[in-house]
Q: 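Quick one: the structure is below, questions incoming.
Numbers here simply count residues along the sequence, with the first being 1. Quick note: numbers below take in every heavy atom, side chains included, and nothing from hydrogens, waters or symmetry partners.
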Amino acid sequence: MPKDKKNKDLMSTQVLLAASGLDEFYKYFDQAGHSMFDAMTHASDLKVEQILLEVEARNGVTFNNVVRIKLWKALRYQWFRGPGKGLNFVERVDVQQLHLPP
């Protein structure tokens, strides 16, 4: 994959966290080397947990459960809100009927 294409898929973790009202925690992610997040990757539960554990370990902090859940959801659910995922809902009545030959 070309380097320019890969850079386009990355988004600032600061923007990601700010969208969930968690921008105050960006400093921990930045200091742990997670200043950018791949917006096109469907991060698994395990991957998000590993990121959070690494951020906590590198900063010597432990996020309380309420904050940890919000951080987890912000990272895990980013893929659903990422580029190309903002499709409009289509009502069933708006879909034309498909006629197949017998």
Q: State, with a plain yes or no, whether a side-chain heavy atom of S20 is found less than 4.5 Å away from one of Y77.
A: no
Q: With a 4.5 Å cut-off on side-chain heavy atoms, are M11 and M36 touching?
A: no
Q: Tell me whether the rings of F63 and Y28 are parallel (<30°), tilted (30 to 60°) or perpendicular (>60°).
A: perpendicular
Q: When you compare the side chain of I51 with that of K47, does any pair of heavy atoms fall below 4.5 Å?
A: yes
Q: Between E49 and R68, is the closest basic N to carboxylate O distance under 4.0 Å?
A: yes
Q: Between OG1 of T13 and OH of Y26, what distance do you get to the nearest 0.5 Å?
A: 6.5 Å
Q: Between CZ of F37 and CG of L16, what distance do you get to the nearest 0.5 Å?
A: 6.0 Å
Q: Do you know which two heavy atoms are closest between R76 and D45, and how far apart they sit?
A: NE-OD1, 2.6 Å
Q: Hey, does F29 have a side-chain heavy atom less than 4.5 Å from the side chain of L75?
A: yes
Q: Can you find a heavy atom in the side chain of V48 that is under 4.5 Å from one in the side chain of L71?
A: no
Q: Go through the steps for R58 and Q31 under the test side-chain contact (heavy atoms from CB on, under 4.5 Å), then give the verdict.
A: CA-CA 8 Å; R58 289 197 179 174; Q31 291 171 1; over 6 Å; no
Q: Quick check: do L22 and F25 have side-chain heavy atoms less than 4.5 Å from each other?
A: yes
Q: For the NZ atom of K70 and the CG atom of N65, what is their distance to the nearest 0.5 Å?
A: 12.5 Å
Q: Which distance, rounded to the nearest 0.5 Å, do you find between the CG of L52 and the OG1 of T62?
A: 11.5 Å
Q: Using the rule that Ile, Leu, Val, Met, Phe, Trp and Tyr join whenever any side-chain heavy atoms are under 4.5 Å apart, tell me whether V55 and V61 fall into a single cluster.
A: yes
